[in-house]
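Heads up: the structure comes next, in structure tokens.
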Number of protein chains: 2
Amino acid sequence: MRASRFLIATLKETPSDAEVISHQLMLRAGMIRKLASGLYTWMPLGLRVLRKVERIIREEMDRSGAQEVLMPVVQPAELWEESGRWQQYGPELLRINDRHQRDFCLGPTHEEVITDLIRGEINSYKQLPANFYQIQTKFRDEIRPRFGVMRAREFTMKDAYSFHLSQESLQETYEVMHRTYCAIFDRIGLAYRPVLADTGSIGGAFSHEFHVLADSGEDDIAFSNGSDYAANIEKAEALAPSDARPSASEAMTEVATADQHTIEQVAGFLKVAPEQTVKTLIVLGEAPEEGSAPLVALVLRGDHELNDIKAEKIEGIATPLTFAPEERIEAELGAGVGSLGPVGLTIRVLVDRAAAQLADFVCGANRNGYHLTGVNWERDVPLNDVVDLRNVVAGDPSPDGKGQLEIKRGIEVGHIFQLGTKYSEAMNARVLDENGKEKPMIMGCYGIGVSRVVAAAIEQNHDQNGIIWPQSIAPFQLALVPINPHKSPAVAEQCETLYQQLTELGVEVLYMDEDKARLGVMLANTDLMGIPHRLVVGDRGLEKGTLEYKGRRDEQAQDVPLEQVVEFIRERLAD
Amino acid sequence: MRASRFLIATLKETPSDAEVISHQLMLRAGMIRKLASGLYTWMPLGLRVLRKVERIIREEMDRSGAQEVLMPVVQPAELWEESGRWQQYGPELLRINDRHQRDFCLGPTHEEVITDLIRGEINSYKQLPANFYQIQTKFRDEIRPRFGVMRAREFTMKDAYSFHLSQESLQETYEVMHRTYCAIFDRIGLAYRPVLADTGSIGGAFSHEFHVLADSGEDDIAFSNGSDYAANIEKAEALAPSDARPSASEAMTEVATADQHTIEQVAGFLKVAPEQTVKTLIVLGEAPEEGSAPLVALVLRGDHELNDIKAEKIEGIATPLTFAPEERIEAELGAGVGSLGPVGLTIRVLVDRAAAQLADFVCGANRNGYHLTGVNWERDVPLNDVVDLRNVVAGDPSPDGKGQLEIKRGIEVGHIFQLGTKYSEAMNARVLDENGKEKPMIMGCYGIGVSRVVAAAIEQNHDQNGIIWPQSIAPFQLALVPINPHKSPAVAEQCETLYQQLTELGVEVLYMDEDKARLGVMLANTDLMGIPHRLVVGDRGLEKGTLEYKGRRDEQAQDVPLEQVVEFIRERLAD
């Protein structure tokens with residue numbers, strides 16, 4: 001491609017509303033432009049990257065045996081009423097009326113449409129399993145779209161839906177999809193982790209997220225340094241400590257702590273480590289048929305964080321997890337939230353596994369302005385319900401027993417789910433089994449945020465000069481930069497020759513052929529755009545019979561003899 | 001592709017709501033399924049065709065120097081207010097509100113978005129000309145969606161927009177696009193005509209439509225048998241007859257014609273040919289500032305049809321063309337619509353060129369129940385305004401002076417326009433010219449209905465057994481059909497070998513590998529799906545060392561020796 005025929009739309013300044021680096025660099029490199037909040041146009045440079053990501057996904061999905069379809073963006077409300085999601089889905093579902101005042105929505109996902117399609121097409125177990133995917137435009141009316149295409153309202157997604165007679169068949173396809181996703185992110189060339197995830201609101205029993213590792217990620221991932229265990233921090237189990245609890249060595253003593261309420265304040269005041277204290281959080285239990293919800297105490301080590309999802313899964317706890325109002329706490333427990341502790345409580349007390357391991361610990365005295373020191377389980381306070389309540393932290397043992405956990409930040413780019421029969425039951429999508437008996441199809445679903453992959457690749461691969469594309473998805477493979485071609489016919493001629501040669505070999509060259517462009521600007525632009533390889537052609541080099549080559553990650557440029565340059569580039573691209 | 005892993009969703013019955021053959025065959029072949037009125041899912045078979053059409057369009061657009069972008073489906077109202085189309089566009093524009101109650105629409109076309117983008121990116125004549133295209137999902141809320149994907153609400157369109165400093169530059173790109181469209185439809189393998197078109201409501205001075213010729217087309221196209229002149233019938237000029245008008249030979253006579261009102265009735269009653277009569281249509285002229293619109297008479301030969309668009313373009317005629325109410329005609333002209341004629345009229349009379357050529361003609365007498373015979377222009381009635389008012393008919397001379405016109409029906413699949421400065425003026429999209437002076441960019445726009453091309457290809461290429469795909473866009477190139485493979489290991493083995501061999505050569509094979517499928521059903525399905533080439537493998541042939549080959553358009557199958565079959569297929573595909 002000749003730069004003179006290509007819209008290079010680089011910006012010197014970082015747009016002020018771009019918070020994350022990928023958003024900044026996509027704007028500065030001229031990959032995208034904002035049309036309105038959460039709506040972006042893909043410019044020629046950006047679209048080349050998006051299409052390469054799409055192509056890799058399509059090839060690997062085809063290889064996996066999935067069949068490509070294309071479903072409409074606009075979906076009729078009737079199907080969402082059948083599944084129950086017309087009511088359940090919040091304002092992220094953009095509801096619209098057509099000219100006849102019929103209800104439709106812009107599809108944020110396509111479970112209903114594919115289930116409707118397949119219940120009409122597949123009626124025998126002989127047609128199963130089957131897996132259908134599309135690469136298609138989705139819309140989610142995010143309350144606060146941000147980070148550019150990372151959390152846009154309109155975006156490109158690969159979504160796939162599989163149909164099965166048995167759980168075993170679903171498990172098989174689920175594993176094929178797991179391998180396919182690994183193949184996709186391997187080919188793109190990203191550092192990523194498949195992690196066990198909570199299934200959230202889509203339902204279903206089992207799911208993995210695929211995270212691109214990057215410091216700017218919104219999710220915390222726990223993974224083992226001794227195995228390939230990885231899980232969203234929400235899902236990772238905190239094992240019970242394997243050692244026995246130390247014996248009690250202090251007497252329980254009430255001390256006045258005045259205005260010290262937080263763990264940091266109390267620990268500092270009493271000169272103990274936060275991990276030698278416990279905090280007591282009061283939440284609501286499930287309400288009985290009549291009367292108000294009981295209070296439940298959750299006790300964690302002072303330095304640990306409550307994991308809401310783990311707490312919600314405990315029987316008898318209200319969902320969603322709800323903290324008790326301060327007035328009720330004061331009235332029923334006799335102290336405020338800064339002075340609570342398990343000793344003497346008559347409500348249900350759930351103790352985290354790590355907190356249960358403490359001896360001689362500090363906690364609130366259930367008397368405003370006082371704490372207890374030297375508290376010991378069983379001696380001073382009963383220990384009945386010991387459960388996993390906290391987020392794992394770095395250094396925790398891996399739940400699979402191999403190695404210790406590390407915590408990294410990740411950007412979720414893919415998600416695979418086992419949906420089960422949630423949609424097929426609701427929408428009556430059934431097949432006849434081997435015995436002629438009707439059964440609801442068992443479903444899986446598998447998504448990749450295609451446009452988000454582009455942003456995540458940048459979050460993981462950039463430096464102070466701009467983007468550094470993995471070779472597989474670079475918009476161009478090589479930038480060809482002439483020095484003063486309008487003054488030197490030899491330079492211009494050599495560039496034309498090289499451009500022809502490389503293009504004929506199938507190399508995607510961006511030839512910076514704009515007559516009077518300044519060298520510094522051209523080099524800054526090709527760096528900003530992240531082009532992996534660069535050749536600079538100048539008179540001085542030509543006199544010696546050399547060109548200057550620099551890889552985007554190289555510290556130094558190097559001279560390459562003219563007669564070897566095509567072979568040299570070919571080798572670089574094959575790496 | 002193995003049929004056992006591909007959703008073959010053929011139907012025996014023609015769905016009752018499918019009016020046109022392409023809609024029927026796309027449903028029956030399992031290419032599409034209806035989700036809701038005007039909304040279709042592309043099934044695996046159909047999507048393969050759609051993607052091939054897309055690929056050809058993309059390759060030719062890239063070759064033309066156009067740059068691919070991707071704009072959002074959802075567009076903010078503000079831009080449409082700037083262009084004035086938020087008010088002008090009817091209910092086909094689906095207007096929506098987001099969660100913050102801001103106005104948006106689903107894009108039926110992208111002039112506003114691209115103009116907004118480019119006014120931000122291009123500010124110098126040095127960056128011009130530039131041409132941007134996308135292949136993207138559009139939405140038009142048709143009042144009566146029909147004919148399947150031919151007139152759907154959601155559809156895939158290739159739209160391109162070019163920007164220029166001068167009209168000459170626009171003209172150049174316009175011609176490049178004209179050639180590119182020809183290259184696209186040539187490669188797809190369709191019989192088509194680029195035709196001069198009326199520009200309609202998009203505005204602009206000059207446009208061509210690209211029509212696929214098919215009897216089921218909605219548009220009439222006039223084209224010359226002596227040149228490459230072709231025009232939408234709305235646009236084709238009816239030349240003035242070149243001969244002199246015959247002399248008068250009869251006296252003008254009033255005859256009672258009782259209840260004979262239509263041309264057919266009057267001509268039959270008076271035993272003259274309809275082309276020896278004239279009809280007089282009364283329309284409204286432009287209303288003066290005060291008072292009502294004057295009546296205007298349009299006089300055409302009895303066998304000719306009024307062309308509304310030509311009439312509307314005549315100065316002093318109300319737009320849109322409006323026929324006068326019968327009461328006004330009776331009251332002001334003294335006779336009803338079945339008895340009108342030009343003789344003695346005191347209103348403005350416009351006479352079509354062909355009607356002006358008549359001598360001794362028949363017309364209404366402006367007295368109910370009477371007609372005049374032997375009427376002659378100038379002798380009996382003045383002849384002042386002679387204009388082109390009618391649709392051309394087969395046999396008319398071509399407007400370019402070469403050959404005669406034929407009329408065929410066509411399906412519009414592409415449209416290229418010269419937009420001029422309509423959008424750049426309204427939206428203030430300007431560049432600096434060579435002299436540093438600001439000028440509005442001159443624009444062109446270029447559309448192809450991608451999904452409609454698929455339907456049009458079927459309208460043009462089918463028989464009683466189903467679709468007959470042009471090779472370039474066939475979902476598969478070859479069907480490989482075994483006879484009773486579950487009974488004959490030799491047949492199964494030979495098919496596997498051939499499937500491997502042909503697939504390795506890059507042939508797209510649909511291998512009908514479903515164990516116990518009936519031969520008749522498989523052959524009917526491969527015909528219905530329109531696969532261009534077919535090989536049948538059976539024991540009887542293998543004993544002789546032959547396979548049976550049949551091209552989709554062939555009358556007869558032929559035997560091909562086993563050892564020659566790969567080369568035979570390779571030659572067929574190269575044709």
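Within every chain, numbering begins at 1; the chains are lettered A, B, ... in the order of the sequence lines, protein sequences first and strands thereafter.
Between B:Asn97 and A:Leu94, the shortest heavy-atom distance links the atoms O-CD1, 3.2 Å. What you find for A:Arg153 and B:Phe104 is that their closest heavy atoms are NH2-CZ, 3.3 Å. Minimum interatomic distance between B:Tyr40 and A:Pro72 (heavy atoms only, all atoms of both residues): O-CG, 3.4 Å. Among all heavy-atom pairs drawn from A:Val73 and B:Glu154, the shortest one is N-OE2, 2.6 Å.
Between chain B and the residues A:Ile143, A:Ile122, A:Leu39, the most heavy-atom pairs under 4.5 angstrom are made by A:Ile143. If you tally non-hydrogen atom pairs under 4.5 Å between each of A:Glu142, A:Glu78, A:Gln134, A:Met1 and chain B, the highest count goes to A:Glu142. Contacts with chain A were tallied for B:Met71, B:Arg2, B:Arg33; B:Arg33 has the most, counting heavy-atom pairs under 4.5 Å. Options B:Thr41, B:Asp62, B:Asp116, B:Leu45 differ in how many heavy-atom pairs under 4.5 Å they form with chain A, and the most are formed by B:Thr41.
For a residue to count as touching a neighbouring chain, one of its non-hydrogen atoms must lie under 4.5 Å from one of that chain's; by this rule B:Ala36 touches chain A with the side chain only. With a 4.5 angstrom heavy-atom cutoff, B:Arg51 touches chain A only via side-chain atoms. Only the side chain of B:Leu106 comes within contact range of chain A, with heavy atoms under 4.5 Å apart. Contacts of B:Asp141 with chain A are made by both backbone and side-chain atoms, with heavy-atom separations under 4.5 Å. When heavy atoms are compared at a cutoff of 4.5 Å, A:Leu50 approaches chain B solely by way of its side chain, counted from C-beta outward. Both the backbone and the side chain of A:Asp98 come within contact range of chain B, judged by heavy atoms closer than 4.5 Å.
Considering only heavy atoms from C-beta on, B:Thr137 stays 4.5 Å or farther from A:Gln136 through its side chain. Side chains of A:Arg95 and B:Ile96 form no contact here, defined as non-hydrogen atoms less than 4.5 Å apart. Side chains of B:Leu35 and A:Val74 form no contact here, defined as non-hydrogen atoms less than 4.5 Å apart. Looking at B:Arg99 and A:Glu92, their side chains come closer than 4.5 Å, going by heavy atoms from C-beta outward.
For A:Glu68 (side chain) and B:Leu47 (main-chain N/O), no donor-acceptor pair under 3.5 Å exists by modelled atom type. Looking only at distances, no side-chain donor or acceptor of B:Glu121 sits under 3.5 Å from a matching main-chain atom of A:Leu7.
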